[in-house]
Amino acid sequence: GAVVSQHPSWVICKSGTSVKIECRSLDFQATTMFWYRQFPKQSLMLMATSNEGSKATYEQGVEKDKFLINHASLTLSTLTVTSAHPEDSSFYICSTKRETGELFFGEGSRLTVL
Amino acid sequence: GQNIDQPTEMTATEGAIVQINCTYQTSGFNGLFWYQQHAGEAPTFLSYNVLDGLEEKGRFSSFLSRSKGYSYLLLKELQMKDSASYLCAVRDWGSYIPTFGRGTSLIVHP
């Protein structure tokens with residue numbers, strides 16, 4: 001199956017700073033990647049769809065100026081949380097999708113904003 | 001969109017069988033997925049159903065009834081390592097990715 005690598009696994013930052021999370025598709029070229037956020041004991045919520053070579057598509061209620069997504073190559077998408085605040089503390093997970101619809105997830109990145 | 005409902009938490013005994021139910025409402029069904037998620041980790045794929053019936057894969061089976069908007073995940077011969085959250089996800093025709101339910105936290109005890 002597809003292999004997705006996400007980095008960093010854990011990050012702690014001060015309020016007001018920015019944090020970048022990388023998501024790499026290791027075994028196939030992913031023109032589309034997906035970014036999810038998961039709060040404790042909550043469901044995976046889709047934040048945005050990352051499109052290689054074009055702008056990301058954001059879900060309703062997700063601030064595109066706060067969560068910057070760059071999909072510069074067919075194997076790399078990045079999510080930057082700008083001016084992070086404690087309420088942004090969450091588990092961020094990226095995924096790729098096979099034609100069958102099966103999603104392959106990265107390891108996830110746990111962000112803690114102090 | 002979808003309205004996906006599954007129990008919040010279940011407990012079971014090691015070696016037993018447990019059934020986790022999922023009900024959904026959607027305007028155009030195009031597949032149902034089950035994922036397993038251990039605490040602090042990303043979800044991993046368990047099963048996919050698009051037609052009615054039972055799909056068996058080792059100790060895990062998944063059932064779908066489209067007319068009832070209902071699915072279940074059946075786990076047999078439970079092991080301690082099966083303690084995890086089990087996420088039901090439903091895909092619409094209008095979307096190429098599924099929407100996730102809140103997950104069912106399964107606790108397996110000796």
Side-chain angles (χ1 to χ4, degrees), chain A residues 1-11 21 23-26 30-51 56-61 77 79 89-112, chain B residues 1-10 20 22-24 26 28-51 55 57 60 62 64 71 83-107:
Chain A
V3 178
V4 181
S5 176
Q6 197 172 331
H7 176 81
S9 299
W10 296 83
V11 57
I21 301 169
C23 179
R24 293 182 183 274
S25 176
L26 299 183
T31 56
T32 304
M33 294 186 182
F34 307 96
W35 287 96
Y36 290 85
R37 179 168 55 183
Q38 186 178 36
F39 292 106
K41 297 188 178 181
Q42 298 294 315
S43 179
L44 287 166
M45 296 300 297
L46 180 66
M47 298 176 65
T49 301
S50 174
N51 304 300
T57 305
Y58 290 82
E59 296 299 303
Q60 192 173 10
S77 175
L79 168 68
S89 298
S90 187
F91 192 49
Y92 292 86
I93 312 174
C94 68
S95 77
T96 59
K97 184 183 75 73
R98 286 295 195 191
E99 290 182 1
T100 56
E102 179 183 346
L103 295 173
F104 291 91
F105 291 92
E107 303 94 329
S109 300
R110 184 160 301 282
L111 170 63
T112 301
Chain B
Q2 305 93 354
N3 184 14
I4 302 169
D5 190 37
Q6 50 182 132
T8 303
E9 188 175 290
M10 299 181 71
I20 303 174
C22 172
T23 58
Y24 63 88
T26 180
F29 177 81
N30 189 24
L32 185 145
F33 302 80
W34 283 97
Y35 284 83
Q36 180 191 60
Q37 186 179 24
H38 285 100
E41 299 180 11
T44 55
F45 172 80
L46 290 178
S47 68
Y48 170 65
N49 295 72
V50 66
L51 299 176
E55 295 278 344
K57 190 185 295 184
F60 293 3
S62 58
L64 174 67
S71 172
S83 293
S85 182
Y86 290 86
L87 308 174
C88 173
V90 176
R91 183 173 58 183
D92 263 345
W93 274 111
S95 174
Y96 49 81
I97 53 173
T99 298
F100 286 84
R102 298 182 65 167
T104 298
S105 178
L106 174 65
I107 301 169

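Side-chain atoms are counted along with the backbone in the values below, which use heavy atoms only and exclude waters and symmetry mates. Throughout, a chain's letter reflects where its sequence line sits, starting with A, and its residues are numbered from 1.
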Give, as side chain, backbone, both or neither, the part of [X] having an atom under 4.5 angstrom from any heavy atom of chain B.
X        : answer
A/Thr49  : side chain
A/Leu46  : side chain
A/Leu103 : both

Within 6.0 angstrom of A/His7 NE2, more than 12 heavy atoms from elsewhere: no
More than 12 heavy atoms of other groups within 6.0 Å of B/Arg102 CZ: no
Residue, of B/Gly31, B/Ser85, B/Gly101, that accumulates the most heavy atom pairs under 4.5 Å with chain A: B/Gly101
Contact leader toward chain A among B/Pro43, B/Ala39, B/Gly40, where contacts are heavy-atom pairs under 4.5 Å: B/Pro43
Max heavy-atom pair count under 4.5 Å with chain B, selected residue of A/Lys41, A/Gln6, A/Gln38, A/Met45: A/Gln38
Interatomic distance, A/Glu107 atom CD to B/Glu41 atom CD [nearest 0.5 angstrom]: 10.0 Å
Check: A/Tyr36 ring centroid to B/Phe100 ring centroid under 6.0 Å: yes
Minimum side-chain heavy-atom gap B/Ile97-A/Phe34 below 4.5 Å: yes
Any side-chain heavy-atom pair of B/Tyr35 and A/Phe105 under 4.5 Å: yes
